[in-house]
Amino acid sequence: MSVLEIKNLHVNVETDQGTREILRGVDLTIREGEIHAIMGPNGSGKSTLAYTIAGHPKYTVVEGEILLDGENVLEMSVDERARAGMFLAMQYPVEIPGVTVTNFLRTAKTAIDGEAPSIRTWLKDVRGAMTNLRMDSGFAERNVNEGFSGGEKKRNEILQLELLKPKFAVLDETDSGLDVDALKVVSEGVNRAHSNTGLGILLITHYTRILRYIKPDFVHVFVAGKIAEQGGPELADRLEEEGYDRYHVAESATQ
């Protein structure tokens, strides 16, 4: 069984005002097949955790470690992390002019698997995944995310998730900017990938609405760069009712 372990993670970022500590000792273990939701207010470090796992150069790990099946993720390049089974669905997917969706997907699949997929099987898989995500087949020949709406970009992220079949997926606010219909379609895609491959999921969100469709096994509350509380799905329900104010009060009391 694959395991992603985050141990005592401290992360800094350089700003115009100097070095700023964002993550302040994060401990988290995600096992294959588990769905973990991370919730918290703006600026609490949720996206910093996502991008640090993925290997974004903006973030500097000053202490702690990230292990994937015992291997040190922090020593891997971004592409090595992807080949090892890591996946990041970005909050703001980028446009890639001049690269079509179909070429991007096949190139990524080839890089991860070490060999090109069979054309016939691959085309069948792509068409099936696009149909499930209610994406028009014409999107396959469009440039990646160029001119896509917010919802279309998020569907394209989940298309990659379904086709690349990672061990662990970090979904950074995948629900942001989605209307109810798009949220259902995207959630169905995540649940389908989870059911088909048994991947572990780290789902980052502000709100509980996506958790109505993607049921977490564990919920973690992020405040001021660390986990302030953790529990089961009932914790998300409580956050919906109470918000994060009590965590801010507790944090202020410790400073």
Side-chain angles (χ1 to χ4, degrees), residues 2-6 9 11 13 22-23 26 28-32 34-40 44-61 64-69 71-96 99 101 104-105 107-109 111-113 129 133 144-145 148 150-178 186-187 189-194 197-206 210 214 216 220 222:
S2 290
V3 181
L4 178 65
E5 299 173 277
I6 300 166
L9 190 66
V11 174
V13 64
I22 304 295
L23 299 186
V26 176
L28 184 63
T29 299
I30 306 171
R31 294 175 176 81
E32 182 181 334
E34 293 179 348
I35 299 177
H36 292 245
I38 287 185
M39 304 183 68
S44 58
K46 303 184 303 297
S47 291
T48 295
L49 177 62
Y51 286 104
T52 300
I53 292 172
H56 196 298
K58 176 182 177 180
Y59 302 98
T60 302
V61 176
E65 55 187 354
I66 302 174
L67 303 174
L68 175 59
D69 296 333
E71 298 293 322
N72 188 352
V73 171
L74 299 178
E75 293 181 351
M76 300 178 187
S77 61
V78 173
D79 60 301
E80 287 172 339
R81 297 181 197 206
R83 284 197 294 270
M86 303 296 302
F87 178 88
L88 171 66
M90 294 182 286
Q91 182 178 358
Y92 304 108
V94 298
E95 297 182 3
I96 311 179
V99 179
V101 169
F104 172 80
L105 289 169
T107 300
K109 185 68 171 177
I112 288 171
D113 290 356
L133 288 165
V144 176
N145 292 325
F148 287 21
E152 289 165 348
K153 289 180 179 180
K154 296 300 177 74
R155 293 184 200 215
N156 193 38
E157 294 285 284
I158 304 308
L159 178 65
Q160 296 167 45
L161 173 66
E162 290 205 64
L163 293 170
L164 300 180
K165 296 179 170 58
K167 293 179 181 177
F168 290 95
V170 180
L171 311 180
D172 186 19
E173 297 194 30
T174 297
D175 54 337
S176 65
L178 297 182
V186 164
S187 298
V190 173
N191 287 331
R192 196 162 46 243
H194 180 257
T197 67
L199 81 163
I201 295 174
L202 182 60
L203 174 62
I204 295 171
T205 184
H206 282 296
I210 194 172
I214 303 173
H220 312 270
F222 244 57

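- The minimum heavy-atom distance linking E80 with E75 is given by the pair OE1-O, 4.1 Å.
- Taking 4.5 Å as the limit, some side-chain heavy atom of L28 sits within range of a side-chain heavy atom of I38.
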Hey, mind stepping through I96 and N145 against side chain to side chain contact (heavy atoms under 4.5 Å, CB included) and telling me if it holds?
CA-CA 7 Å; I96 311 179; N145 292 325; 5.8 Å; no
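- Here the CD1-CG distance, from I158 to L163, works out to 11.5 Å after rounding to the nearest 0.5 Å.
- Heavy atoms only, all atoms of each residue included: Q91 and S176 are closest at CG-OG, 4.0 Å.
- A pairwise comparison of heavy atoms in L105 and L164 identifies O-CD2, 4.3 Å as the closest pair.
- In this structure, T52 OG1 and K58 NZ are separated by 10.5 Å, a value rounded to the nearest 0.5 Å.
- Of the inter-residue distances, the one linking L159 atom CG with E152 atom CD reads 12.5 Å to the nearest 0.5 angstrom.
- Within the 4.5 Å cutoff, the side chain of D175 has no heavy atoms near those of the V186 side chain.
- For the atom pair CZ (F87) and CD (E157), the distance works out to 5.5 Å, reported to the nearest 0.5 Å.
- Looking at every heavy atom in both residues, I210 comes nearest to S187 through CG1-OG, 3.7 Å.
- Side-chain atoms of R81 do not come within 3.5 Å of backbone N or O of M86 as any donor-acceptor pair.
- Ring-plane geometry between H56 and Y51 is classed as perpendicular, the angle between the planes exceeding 60 degrees on a 0 to 90 degree scale with a lower cut at 30.
- To the nearest 0.5 Å, the span separating OG1 on T107 from CD1 on I112 amounts to 11.0 Å.
- Between the D172 side chain and the A89 main chain, no donor and acceptor come within less than 3.5 Å of each other.
- Side-chain contact between K46 and E173 is present, with heavy atoms from C-beta onward closer than 4.5 Å.
- Separating the NZ atom in K167 from the CG atom in L68 is a distance of 5.5 Å, to the nearest 0.5 Å.
- Here the closest heavy-atom approach between residue E34 and residue H194 is recorded as N-NE2, 4.5 Å.
- Here the side chains of L49 and L202 are in contact, with some heavy-atom distance below 4.5 Å.
- A distance-only check finds no donor-acceptor pair linking the side chain of H36 to the backbone of I201 [under 3.5 Å].
- Residues E65 and L9 approach most closely at N-CD1, 4.4 Å, considering heavy atoms.
- Side-chain contact between N191 and I214 is present, with heavy atoms from C-beta onward closer than 4.5 Å.
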Let me see the working for N156 and V144 under side chain to side chain contact (heavy atoms under 4.5 Å, CB included), right down to the final yes or no.
CA-CA 8 Å; N156 193 38; V144 176; 4.0 Å; yes
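- Between Q160 and F104 the shortest side-chain heavy-atom distance falls below 4.5 Å.
- In this structure the side chain of F222 never reaches within 4.5 angstrom of the side chain of T48, judged on heavy atoms.
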